[in-house]
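Because the structure is a prediction, the values reported are computed rather than measured.
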Amino acid sequence: MISRRFFLAGASGALAVAPLAARAAPSLNDMVRDPALQALGNPAGDVTIAEFFDYLCPSCKAIHPALKEIVRSDGNLRLVMKDWPINGDVAWYASRMVHASAALGVYEAAHNEVIAIEGGLTHGKVDDALRSVGADAGAVRDMLDVHLKAIDALIGRNEAHAKALKLAGTPSFLIGKRLYRRPMSADEIVEAVALARSGR
């Protein structure tokens with residue numbers, strides 16, 4: 001369970017979480033400020049949105065265009081994508097390859113292309129999506145060979161965080177200090193950001 005006091009909002013509403021002394025790690029900061037996470041949007045934004053997602057999750061794919069637009073139009077949001085590949089080997093492949101593409105400077109573009117893949121996800125479709133943003137799949141696999149241990153460690157921490165939060169699946173969101181254990185609409189995300197900024 002979480003080691004820092006903050007509020008969790010799920011399908012049943014907001015739940016107060018016990019103070020630091022009563023609970024074990026990880027903390028909220030551990031979850032959203034992991035130095036291995038790629039920060040999208042405004043890295044110095046006043047509110048962080050962290051999404052637990054899977055590249056094979058239909059709801060994750062459906063909300064992503066609206067989430068990108070919310071982050072872009074707001075200008076003061078920090079977005080971190082917490083890979084939780086619970087849908088099998090191809091989801092793991094996609095997460096690993098997208099993270100490996102960061103070493104080539106194309107993480108955000110690669111992520112946006114892979115999550116936008118329509119129909120069934122395959123290794124070939126992932127490779128094609130990477131090529132479409134200028135990252136040769138062979139070069140990305142070379143980077144994966146170099147960084148595999150660190151990438152798998154990051155994904156492992158994401159999974160541990162998901163279990164600590166008792167998430168049932170993807171997508172789930174941490175927005176500010178609140179947890180939403182369910183898919184959200186664009187309007188609900190905007191409302192959650194406003195709530196985070198209000199300090200409530």
Are Val146 and Val106 connected in the hydrophobic side-chain network, where two residues link if heavy atoms are under 4.5 Å apart?
no

Correct closest heavy-atom pair for Leu56 and Pro58 would be O-CD, 3.2 Å

Note: Ala192 and Ile175 closest approach over all heavy atoms is CB-CD1, 3.7 Å

Do Ile189 and Leu67 touch side chain to side chain, with heavy atoms closer than 4.5 Å? yes

* To do: Check for a donor-acceptor pair, side chain of Lys82 on one end and backbone N or O of Ala162 on the other, with a separation under 3.5 Å.
  => no

Verify the cluster assignment for Val80 and Val193: are they in a single hydrophobic cluster under the rule of side-chain heavy atoms below 4.5 Å apart?
no

Value for CH2 (Trp84) from SG (Cys60), rounded to nearest 0.5 Å, stands at 10.0 Å

Original post:
Using 30° and 60° as the class limits, which term best fits the ring planes of Phe53 and Tyr55: parallel, tilted or perpendicular?
Top reply: perpendicular

Next on the checklist: With a 4.5 Å cut-off on side-chain heavy atoms, are Thr48 and Leu174 touching?
Outcome noted: no

For Ala129 and Val114 the tightest heavy-atom approach is CB-CG2, 3.9 Å

Show your reasoning for whether side-chain contact (heavy atoms from CB on, under 4.5 Å) applies to Leu148 and Arg96.
CA-CA 8 Å; Leu148 179 61; Arg96 284 168 165 164; 3.7 Å; yes

Next item on the list: Might you work through the side-chain contact (heavy atoms from CB on, under 4.5 Å) test for Leu77 and Ile49, ending with a clear yes or no?
Entry: CA-CA 7 Å; Leu77 292 172; Ile49 299 173; 4.1 Å; yes

**Message:** Is there a path of hydrophobic side-chain contacts, each under 4.5 Å between heavy atoms, that joins Met81 and Val90?
**Reply:** yes

>> Tell me whether Arg182 is salt-bridged to Glu188, with the criterion being a basic N under 4.0 Å from an acidic carboxylate O.
In response: yes

Item to complete: Spell out, as yes or no, whether a donor-acceptor pair under 3.5 Å connects the side chain of Asn158 to the backbone of Asp83.
Response: yes

- Message: Quick one, Val126 and Leu121 - any side-chain contact, counting heavy atoms below 4.5 Å?
- Response: yes

Check your understanding: Is it the case that one hydrophobic cluster holds both Val140 and Leu144, taking links as side-chain heavy atoms less than 4.5 Å apart, direct or via other members?
Key -> yes

For Glu191, the side chain to side chain donor-acceptor pair (under 3.5 Å) test, sequence neighbours excluded, returns none

Answer whether the closest heavy-atom distance between the side chains of Glu113 and Leu130 falls below 4.5 Å.
no

Side-chain donor-acceptor pair under 3.5 Å between Tyr93 and Asp127, yes or no?
yes

Does any donor atom in the side chain of His161 or Asp30 lie under 3.5 Å from an acceptor atom in the other side chain? no

Rounded to the nearest 0.5 angstrom, the NZ-CD distance for Lys68 and Glu108 is 8.0 Å

Can you tell me if Ser172 uses its side chain to pair, donor with acceptor, with the backbone of Gly169 under 3.5 Å? yes

With the side chain counted from C-beta on, respond yes when Ile63 and Met184 share a heavy-atom pair under 4.5 Å apart, and no when they do not. no

Heavy atoms of Leu28 and Gly176 approach each other most closely as CD2-O, 4.0 Å

* Asked: Under 3.5 Å, is there a donor-acceptor pair between the side chain of Arg181 and the main chain of Leu165?
  -> yes

Query raised in the report: Does a side-chain N-to-carboxylate-O contact under 4.0 Å join Asp128 and Lys125?
Result: no

Q. Is a side-chain donor or acceptor of Arg141 paired with a backbone partner of Ala100 at a separation under 3.5 angstrom?
A. no

- Query: In terms of heavy-atom contacts, does CG of Asp89 have more than 12 from other residues, nucleotides or ligands at under 6.0 Å?
  - Reply: no

Hey, does the side chain of Lys177 reach the backbone of Ala196 with a donor-acceptor pair shorter than 3.5 angstrom?
no

Residues Asn87 and Asp54: closest non-hydrogen pair is N-OD2, 2.9 Å

Any link between Leu167 and Leu37 through a network of hydrophobic side chains (Ile, Leu, Val, Met, Phe, Trp, Tyr) touching at under 4.5 Å?
no

Between the CZ atom in Phe52 and the CD atom in Glu159, the distance rounded to the nearest 0.5 Å is 11.0 Å

For this session: Verify whether one side chain among His64 and Asn112 offers a donor that lies under 3.5 Å from an acceptor in the other.
Result: yes

